[in-house]
Amino acid sequence: MIKINLALQGDGAHGAFTWGVLDRILEDDGIEIASVSGTSAGALNAAALKAGLVSGGRDGARENLA
């Protein structure tokens with residue numbers, strides 16, 4: 001298992017790009033997100049990611065991000 005820490009940046013375009021990257025990371029069971037932080041659009045993605053992980057695991061996170 002590879003553990004990663006994420007720092008997500010702001011800006012609408014970066015937020016949209018980051019959503020796609022997060023979606024791809026969540027598809028890979030060999031990657032564990034150990035921590036996440038963000039600003040602006042990155043903070044919204046981080047909050048959706050974390051809330052989804054807590055309530056529904058990887059599928060919940062992907063659903064929240066969508």
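Every value quoted in this text rests on a predicted model; they were computed, and no experiment measured them.
- Under a 4.5 Å side-chain heavy-atom cut-off, the cluster of Ile, Leu, Val, Met, Phe, Trp and Tyr residues that includes L44 has no other member.
- Distance check, rounded to the nearest 0.5 Å: CD1 of I2 to CD1 of I33 gives 12.5 Å.
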Show which side-chain atoms of residues 3-18 pair as donor or acceptor with protein atoms under 3.5 Å away, not counting sequence neighbours.
{"residue": "N5", "atom": "OD1", "partner": "S35", "partner atom": "OG", "Å": "2.7"}
{"residue": "Q9", "atom": "NE2", "partner": "H14", "partner atom": "ND1", "Å": "2.9"}
{"residue": "Q9", "atom": "NE2", "partner": "H14", "partner atom": "NE2", "Å": "3.2"}
{"residue": "D11", "atom": "OD2", "partner": "H14", "partner atom": "ND1", "Å": "3.4"}
{"residue": "H14", "atom": "ND1", "partner": "G10", "partner atom": "O", "Å": "3.4"}
{"residue": "T18", "atom": "OG1", "partner": "H14", "partner atom": "O", "Å": "2.7"}

May I have the list of side-chain donor-acceptor pairs in residues 50-66 shorter than 3.5 Å, sequence neighbours left out?
{"residue": "S55", "atom": "OG", "partner": "A51", "partner atom": "O", "Å": "3.0"}
{"residue": "R58", "atom": "NH1", "partner": "I25", "partner atom": "O", "Å": "3.4"}
{"residue": "R58", "atom": "NH1", "partner": "L26", "partner atom": "O", "Å": "3.2"}
{"residue": "R58", "atom": "NH1", "partner": "D28", "partner atom": "O", "Å": "3.2"}
{"residue": "R58", "atom": "NH2", "partner": "I31", "partner atom": "O", "Å": "2.3"}
{"residue": "R62", "atom": "NE", "partner": "D23", "partner atom": "OD1", "Å": "2.7"}
{"residue": "R62", "atom": "NH2", "partner": "D23", "partner atom": "OD1", "Å": "3.2"}
{"residue": "R62", "atom": "NH2", "partner": "D23", "partner atom": "OD2", "Å": "3.2"}
{"residue": "R62", "atom": "NH2", "partner": "E27", "partner atom": "OE2", "Å": "3.2"}
{"residue": "N64", "atom": "ND2", "partner": "A48", "partner atom": "O", "Å": "3.2"}

